[in-house]
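What follows is one structure encoded as structure tokens, with my remarks underneath.
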Amino acid sequence: MNNNKLSVRLLWYITPLVIIPMAIQGVFSLSNVTSSSEKQAEAIVTRFVEQQVSKSQNYTQLYSSIIELLSASPDLSQYLIYSYDEHNRPSKERTKLVSALVDEFGNYVDSFSHILSIGVINPQGEVLSYYPKAVLETRESYPFSEQLTNSRKQQNLFFVTENDNTSIYLTYRLFDSRFTLDSPKVLGYLIFHINNSEIAKSVANNYFSDTVNFIMDSSGKILFCNQVDINNRYVSEFELQLLKKTSNTGLFSQVALRTLADEKRMILAHSMGNDLYFVTALNKDSLYKAGKTITMYTALLILATAVFLPGIIFLVVRRMLLKPIESLAEASHKVGDGNLNVKLPIDRSDELGMLFQDFNHMVNQIKQYQNELLDYREHLEEKVVTRTQAIAKINKKLEKAIIEAEQANHLKSRFLANMSHEIRTPLTAIMGFTETILTQESNNKKAKYLSTVLRNSKHLLELINNILDLSKIEADKLEVETRALELIPFINDIKSVIEPMATDKKLTLSLNIEYPLPSIIHSDETRLKQILLNICSNAVKFTEKGEVALNVRYSPSTEKLIFTVIDSGIGMSQQEQERAFKPFEQADISTTRKFGGTGLGLCIAKNLAQILGGDITVNSKLSEGSTFEIIVATNNQNQQITMINSADSAQAMLKEEHTTHAQQFEGNILVAEDNKDNQDLIRLLLSQWGISPDFANNGAEAVEQALTNDYDLILMDMQMPVMGGLEATEMLRNAAFDGPIVALTANVMKNDVDAYLEAGCNKALAKPIDKSQLEQTLQQFLALDRSSQQNWEELFQGERFKQISSNYKAKLPNLLEQIAHLNEQQDLNELLALAHSIKGSAGCFGFNHISDAAAELESCIRDHNEDGLDYHILKLEQAIIFILNLKEED
């Protein structure tokens, strides 16, 4: 009975609360839908018109850019100068100039399909040259020649009615290349006749079938229209003023145009520039037809909602809320009477389902607490004994943890003391020898002292790198990269590093390779080399006499590579072997005093091996030597890998690796490079392959030369004055240049290279220039000519390279003055450009410390690191001063 009363009251409340707001909302919704649908229809048509206008404007702007590009042609300029001074030139030269100009006009007409003809006229309107797309077409004059003479614009756009069609002409005023700003001299006009199809298409596009679109000029003449019979008509003066007044307002005007048979239409006008207007005229019913349909459906939806929604809400509330509440009340009553076997059905996941689940959980908890209370009463004494024993175990663990913590603290104290010694030792040598060089010693001893400083600096750097590596490993931040690695040259590199160390201690170093081996593995070369050099150098360091062996074999079943390092050194006890791979630990204190080190090397090596898919194990005996086994994954799954089956095959790979072929190439190369020193160097380098390149000092010159000459390859510097390499590459690709373009730059980060490739470059080469990469690029894009060879190393020992390098050194004082001046003026943009230039040019001449300092300064400016700016400027200045001092001493 209560439920029935609640249901009735709920229905009485729901009905007015739903119907009254729905009625009010319906009135506003209908009004808003009608208004918004009309506005939306107008907005759609407006966007459509703007798109057509944009297409037409882009079309004319494209060919405006093209005519401007052609106006800068040297052939055209020479031809006009010749035409002006024709009586001073021989006829053979005229024929040559005319032929070059016709060829260039033909290239543009063939490259751009919408150019119908290209003509050149003199200031008197006489046609000097004319090249049509149609073979037999000729032209004696242009109807707008007088308008060109009176116009002050550099470019003009003309629409001329010819054979009941509107033709489009683009003109560009041509000056004498020898003119001055005080007295410019006009030699003629360049004229493009372009196809009107694109503009006609924009007019022909109709949003509604009965739409009338037309383009008119400022005089009211209709130039293009989707209704042919209206072409070349004039709108009345009143209509013209109305259309001009409402253009670009985005507002529709309902007027009757005499041109459209006085039929009232919705008119929208849009200015196109160049005194042109795009006009569209639509029937009002067509424009708002979709909005009326939406309004009708909206009204029906609101009415249906007001009728059916109250009943639906009531039924849903009754089913989802009232009946579950009744079930919950009944179950609660049973629990209150002591019946704990009640369980509500959980068949829903909403709030009521969670409430039923919590109710069942509450009943289960009550039952569990009752059972636990009974059990607790029965086993209280037993639980007290058990808890006492647990507390005793915890106390023992705590005591053990305290002991381990004290041991760890002791180890860290030892590590800090050892680290202090390791850091202070090289620092003492570095500081002492540096002060001696600066204050006391003569020049003939500086090289020896600087060598000592460098050796101690490298030791200190290795120490810091080990600490950083361990920190990254412990923080799980150490990154490795998997790349293809040629195995035989890699093993040979390891041997070449360890062999001098063994020779210095009069030890025998043997390399034993068990074939077959994969020719290539996929791993991190830097980290794998770090592991092997650490283990092998330790074997040499802890061996006083005897030999050190490096064994290499491959396990096909596990697809892993196994390196075994065996020495006859001091060996380790079982306890020492257990501590060998722990950080901060060595065999004992005497080992640290005698051999040095921090105890980090083996720990880092083991972690790196595990990251590379393997591990390191050790087997050793005191005074008998140690055997370290390093296992790494080859990661050659799903790869076609060639196997090396014999020592002869491996030796052949090494010979092939170290053999250089100085090949000769055939082809024309353009080098875009603004730095004169780099130009000389690149010219010298390319001469070794029999190539004599052309040079452009900036991107604009590169574009001009590439479009007027036939080049097989372009080497493009990315940062140049006037126009950078990126912009030049994009312009060449837009002008249909399809030859290979290779970026030549000091910025070779991945995002930079991706930008070069996206702009149209085929490849990117880094500065300083690497010979093998440059040779591979020439092999890729040029034809071979093996008629002669020259050794690459002889190039850098020749007089020509020494002269170029000497010229660059002579400019270093000027660079110092520029750096100081720009720093004083706080001109960071120019300082950034100068640092980038120095980074590339200094590296090319082998001054790597100058190049590195310039690169750090460039990064500092790009990152807006103001705190480190003075330091990096000083570092670059000191690097340059160091080279100048060496020059003076020589």
Side-chain angles (χ1 to χ4, degrees), residues 466 469-470 472-474 476 478-495 497-498 509-543 548-569 571-572 574 576-583 585 599-621 625-639 641-645 650:
N466 284 340
D469 282 346
L470 182 62
K472 289 179 181 179
I473 291 172
E474 291 182 344
D476 198 19
L478 186 69
E479 297 180 357
V480 296
E481 56 182 12
T482 301
R483 293 184 179 178
L485 169 61
E486 293 188 4
L487 189 55
I488 293 300
F490 174 78
I491 296 173
N492 191 62
D493 287 345
I494 299 297
K495 179 184 176 183
V497 174
I498 300 301
L509 176 64
S510 60
L511 173 61
N512 307 306
I513 300 178
E514 183 178 330
Y515 298 97
L517 284 181
S519 60
I520 292 176
I521 66 171
H522 292 80
S523 186
D524 189 316
E525 179 179 1
T526 301
R527 295 304 181 182
L528 181 56
K529 183 175 291 187
Q530 182 179 351
I531 295 171
L532 292 175
L533 289 179
N534 181 278
I535 301 297
C536 292
S537 61
N538 276 352
V540 174
K541 180 169 68 173
F542 293 110
T543 302
V548 174
L550 173 60
N551 302 334
V552 186
R553 63 185 176 89
Y554 173 66
S555 173
S557 60
T558 59
E559 294 189 2
K560 292 190 176 182
L561 200 62
I562 302 170
F563 298 88
T564 306
V565 180
I566 306 172
D567 66 69
S568 57
M572 292 182 287
Q574 185 62 37
E576 290 169 346
Q577 293 178 53
E578 293 175 356
R579 300 200 313 264
F581 297 107
K582 293 182 180 180
E585 296 195 17
L600 296 177
L602 289 179
C603 174
I604 294 172
K606 187 177 182 67
N607 281 276
L608 289 176
Q610 292 172 348
I611 293 173
L612 296 181
D615 202 356
I616 298 179
T617 58
V618 61
N619 184 19
S620 179
K621 290 184 179 180
S626 303
T627 300
F628 284 84
E629 187 174 76
I630 304 100
I631 303 174
V632 293
T634 59
N635 297 314
N636 286 343
Q637 296 83 357
N638 303 321
Q639 301 281 345
I641 303 298
T642 304
M643 300 300 291
I644 304 171
N645 296 309

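Note that the structure is a prediction, hence the values are computed from the model and not measured.
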message: Is there a side-chain contact between L550 and K495 in this structure, where contact means two heavy atoms from C-beta onward sitting under 4.5 Å apart?
response: no
Exercise. Should F563 and I494 count as side-chain neighbours, where that means a heavy-atom distance under 4.5 Å?
Worked result: no
Heavy atoms of N607 and C603 approach each other most closely as ND2-O, 2.7 Å
Closest non-hydrogen contact found for P518 with N636 is CB-ND2, 4.0 Å
Smallest heavy-atom separation, Y515 atom then I644 atom, equals CD2-O, 3.4 Å
Could you go through F490 and L532, starting from their C-alpha distance and side-chain angles, then the distance that decides it, and tell me whether this counts as side chain to side chain contact (heavy atoms under 4.5 Å, CB included)? CA-CA 11 Å; F490 174 78; L532 292 175; 3.6 Å; yes
- Query: Going by heavy atoms in the side chains, are N551 and R553 under 4.5 Å from each other?
  - Reply: no
In short, S626 meets G571 closest at the heavy-atom pair OG-CA, 3.6 Å
request  = For residues L517 and L561, determine if any side-chain heavy atom of one lies less than 4.5 Å from a side-chain heavy atom of the other.
outcome  = yes
To the nearest 0.5 Å, atom CD1 of I566 lies from atom CG of N512 at 8.0 Å
Shortest non-hydrogen pair, R527 vs Q530, comes out as NH1-OE1, 2.8 Å
Rounding to 0.5 Å, atoms OG1 (T564) and CD1 (I562) come to a distance of 7.0 Å
**Q.** Residues K606, D615: salt bridge by 4.0 Å N-O rule
**A.** yes
*asked:* Can a donor-acceptor pair be found, under 3.5 Å and without considering hydrogens, that links the side chain of T543 to the backbone of V540?
replied: no
Are V548 and I498 side-chain neighbours, meaning at least one heavy-atom pair lies under 4.5 Å?
no
- Would you indicate whether the side-chain heavy atoms of L602 and F628 approach each other to under 4.5 Å? yes
Between the CD1 atom in I521 and the CD atom in Q639, the distance rounded to the nearest 0.5 Å is 12.5 Å
Per side-chain contact (heavy atoms from CB on, under 4.5 Å), I616 is matched among V632, I631, I630 by I630
SG of C536 to NZ of K529, rounded to nearest 0.5 Å, is 12.5 Å
Taking every heavy atom of D567 against every heavy atom of G569, the minimum-distance pair comes out as OD1-N, 2.8 Å
Just by distance, do the side chain of S620 and the backbone of G625 share a donor-acceptor pair under 3.5 Å? yes
**Message:** One pair to check against side chain to side chain contact (heavy atoms under 4.5 Å, CB included): K560 and Y554. What are the steps and the verdict?
**Reply:** CA-CA 6 Å; K560 292 190 176 182; Y554 173 66; over 6 Å; no
The reported gap from CG in L485 to CG in L487 (rounded to nearest 0.5 angstrom) is 6.5 Å
S519 versus M643: any side-chain heavy-atom pair under 4.5 Å? no
Inset, instruction - Taking the side chain as every heavy atom from C-beta outward, state whether H522 and I520 have any atom pair closer than 4.5 Å. - result: yes
Evaluate the side chain to side chain contact (heavy atoms under 4.5 Å, CB included) criterion for residues R483 and E525: first the C-alpha distance (whole Å), next the side-chain angles of each, then the deciding distance (0.1 Å), finally the verdict.
CA-CA 8 Å; R483 293 184 179 178; E525 179 179 1; over 6 Å; no
CG of N619 to CD of Q574, rounded to nearest 0.5 Å, is 8.5 Å
